[in-house]
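Below you'll find the structure, written out as structure tokens, and then a few comments.
We number each residue from 1, following the sequence as shown.
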Amino acid sequence: MENTSGKGTLGFRELLSLAVGQVIGAGVVTLVGQAIGVTGRSIWLAYVFAVVLGLCIIFPYIMLSSMIRVNGGNYTFVATILGERWGGMYGMAFTLNSFACGMFGLGLGTYLNALIPSVNIKLTAVIAITLFWIANMLGVKFMAKIQNVMSVCLLVGLAVFIVVGLFNLRPGTFDFSSPEFFTGGASGFFNGTLLLVFSCTGQSFIVAFSKEAKNPRRDVPFAITAASGVILVVYALIAIVASGVLPIDQVAGKPLTLAAGQILSRPLYYAFIIGGPIMALATTLNSSFTVFSRPFHQMARDGWFSKKMAVTNNLGAPYILLTVIYIISVVPVLLNFSISTITSNSILISRISDVVAIVAVLCLPKRIPDAWENRYFKISKPAFYAIMTFCLCVTLFVIGLSLRNLTPTLVIVTVVLITLFFIYSTFRQKSGKVQMEKSYELQ
């Protein structure tokens, strides 16, 4: 098992900053208006339900991180528990997430352009992606320090909007009998919750940092849980302000920046844009390089790709893989590819991967009994299986409902990609080049 120089450097505070930065993305700015459009002022309740549902979806990762430290993120335990071929398919599916970095960069450039119209969006996106690529090349410890600072700026920026907004709420904001509450009825409230739920699960990605955590069995699960508590409060308050400072018909379907522009002075508005959406995108982009490279790194070591791709610099950063992710992020931006289309077409694959990961966690006590005995949370096996089964059912239920508007293009893309992943995994495994190493350890 690889021992990197960064191992054991991240405490609870750093992990919490990484989790908060990863989960609070641009979605909080763009999705709020859409959810208001289907459920009105009850959006804050929808956010509460969304965070709870999101916690159910990611709870298996909390249990997993309380048992073992993994080198390759979710790929490690899927491959270890379900076998090489499933691990290869899961890892290949995870590679699609890398395209999101380009989208984060473009979003950052768009918001900066809104403040300074002379700023070139594409150039800003490339510069931002480049800077965070360099930060990650300098090692996880350096990247985490930057994340700490940006996470504080993010929360301050959102706090500006919340505090000023709470003093400018319209009468009847909390009047449940108001016609502006539950505007779409029960179905509208449910649709609003489903719209928001997958913006409440990103904190689980910090499982990838268990390799560098000082006390992974304790700090990683508690950081994921604490981040869920943070977004529960922050998202609910943002939703209250966004739906309460202006008439519903003026904010429905509109980004958060509209309400911010109405209630904030020009200096505070600038502070909100920089500290809110720009920092939300920056923190997510910063941590995504390491999160997305972690499975690739272990897959290269296991032989799914050339082992040369797994080499690291003297700071423990897999510089070839980070550069590959950088190219995947930058080239579509420069060539005007529709990154949002690429990303949206990979969503179903990501959701299917979530189900595979939960099934792997369900099987963990039998496949790795030492890990089960090593668990930080001493719950009984019957309770564990009952909770994990419930989480799996919730995940399947949410995915099923969210796919009601499935397009033929999405179905075709999904089938083609799964077929390609299966073919590659099968041939690579049969070639004899895949030699999986033990990439987890008990703590």
Side-chain angles (χ1 to χ4, degrees), residues 23-59 165 169-202 228 231-256 258-259 340-341 343-352 354-355 358 389-411 414:
V23 69
I24 301 181
V28 71
V29 180
T30 56
L31 294 179
V32 167
Q34 296 178 41
I36 291 175
V38 296
T39 193
R41 287 184 176 175
S42 51
I43 179 181
W44 65 272
L45 283 174
Y47 245 134
V48 171
F49 275 81
V51 173
V52 173
L53 282 176
L55 189 58
C56 289
I57 292 171
I58 66 173
F59 189 76
L169 294 178
R170 291 164 53 86
T173 297
F174 299 102
D175 182 4
F176 281 67
S177 62
S178 167
E180 293 190 331
F181 250 89
F182 301 105
T183 53
S187 62
F189 179 79
F190 201 61
N191 287 334
T193 300
L194 289 176
L195 180 66
L196 301 170
V197 68
F198 287 113
S199 68
C200 303
T201 59
S228 299
I231 64 170
L232 176 65
V233 174
V234 171
Y235 283 0
L237 290 174
I238 287 174
I240 289 171
V241 172
S243 62
V245 295
L246 293 171
I248 290 298
D249 59 349
Q250 292 184 26
V251 292
K254 302 295 192 299
L256 203 63
L258 175 68
S340 60
T341 300
T343 305
S344 62
N345 283 335
S346 67
I347 287 176
L348 180 54
I349 294 287
S350 298
R351 300 287 75 85
I352 294 172
D354 287 337
V355 173
I358 294 174
T389 302
F390 174 75
C391 292
L392 178 60
C393 290
V394 169
T395 303
L396 291 171
F397 178 69
V398 170
I399 292 173
L401 290 176
S402 65
L403 297 180
R404 288 175 297 176
N405 298 320
L406 202 64
T407 63
T409 300
L410 182 55
V411 173
T414 299

Practice prompt. Taking all non-hydrogen atoms of both residues into account, name the closest pair between Ala252 and Gly37 and its distance.
Written response: CB-CA, 3.7 Å
Item to complete: Go through the steps to decide whether Phe59 and Ile358 satisfy the test side chain to side chain contact (heavy atoms under 4.5 Å, CB included), and finish with yes or no.
Response: CA-CA 9 Å; Phe59 189 76; Ile358 294 174; over 6 Å; no
Worksheet item: Given side chains that start at C-beta, do those of Val355 and Thr395 come closer than 4.5 Å, heavy atoms only?
Response: yes
Worksheet item: Ignoring hydrogens and geometry, is there a side-chain-to-backbone donor-acceptor pair from Arg41 to Ser178 under 3.5 Å?
Response: no
Worksheet entry | Close side-chain approach of Val251 to Val32, heavy-atom, < 4.5 Å | no
Discussion item. What I'd like to find out is whether the side chain of Val52 reaches to under 4.5 Å of the side chain of Cys200, using heavy atoms alone.
Written reply: no
Discussion item. ring-ring contact (aromatic ring centres under 6.0 Å, His included) for Phe174 and Phe181? Distances and angles first, verdict last.
Written reply: CA-CA 9 Å; Phe174 299 102; Phe181 250 89; 7.8 Å; no
Worksheet item: Does the side chain of Glu180 come within less than 4.5 Å of Ser42's, by heavy atoms?
Response: no
Discussion item. Could you work out, with ring pair (Phe, Tyr, Trp, His ring centres under 6.0 Å) as the rule, every residue matching Tyr235, not counting sequence neighbours?
Written reply: Tyr47
Worksheet entry | Under 3.5 Å: donor-acceptor pair, side chain of Ser243, backbone of Ala239 | yes
Worksheet item: Donor-acceptor pair, Thr39 side chain versus Ile36 backbone, under 3.5 Å?
Response: no
Practice prompt. Apply the test side chain to side chain contact (heavy atoms under 4.5 Å, CB included) to residues Val23 and Thr201: give CA-CA distance (whole Å), side-chain angles for both, the deciding distance (0.1 Å), then the verdict.
Written response: CA-CA 7 Å; Val23 69; Thr201 59; over 6 Å; no
Item to complete: Would you mind telling me which of Ile238, Ile231, Leu237 makes a side-chain contact (heavy atoms from CB on, under 4.5 Å) with Val234?
Response: Ile238
Fill in: Any side-chain heavy-atom pair of Val197 and Ile57 under 4.5 Å
yes
Item to complete: Quick one: pull up CG in Asn191 and CD in Gln34 and give me the separation to the nearest 0.5 Å.
Response: 12.5 Å
Worksheet item: Which atom names give the shortest non-hydrogen contact between Leu256 and Ala242, and what distance separates them?
Response: CD1-CB, 3.4 Å
Worksheet entry | Contact summary for Ala259 and Leu246, nearest pair of heavy atoms | CA-CD1, 4.2 Å
Fill in: From Ile58 atom CD1 to Asp354 atom CG, the distance as rounded to the nearest 0.5 Å
10.5 Å
Worksheet, complete the sentence: Closest non-hydrogen atoms of Leu195 and Ala35, given as atom of the first, atom of the second and distance, are CD2-N, 3.6 Å
Worksheet item: Is the centre of the Phe189 ring less than 6.0 Å from the centre of the Phe49 ring?
Response: yes
Discussion item. Using 0.5 Å steps for rounding, measure from the OG atom of Ser228 to the CG atom of Leu55.
Written reply: 4.5 Å
Discussion item. Do Thr183 and Val38 make a side-chain contact, defined as non-hydrogen atoms from C-beta onward lying under 4.5 Å apart?
Written reply: no
Worksheet, complete the sentence: When every non-hydrogen atom of Gly244 is compared with those of Thr173, the smallest separation belongs to O-OG1, 3.8 Å
Worksheet item: Which heavy atom of Gly165 sits nearest a heavy atom of Val241, and at what distance?
Response: CA-CG1, 3.5 Å
Worksheet item: For Asp249, what residues pass the side chain to side chain donor-acceptor pair (under 3.5 Å) criterion, not counting sequence neighbours?
Response: none
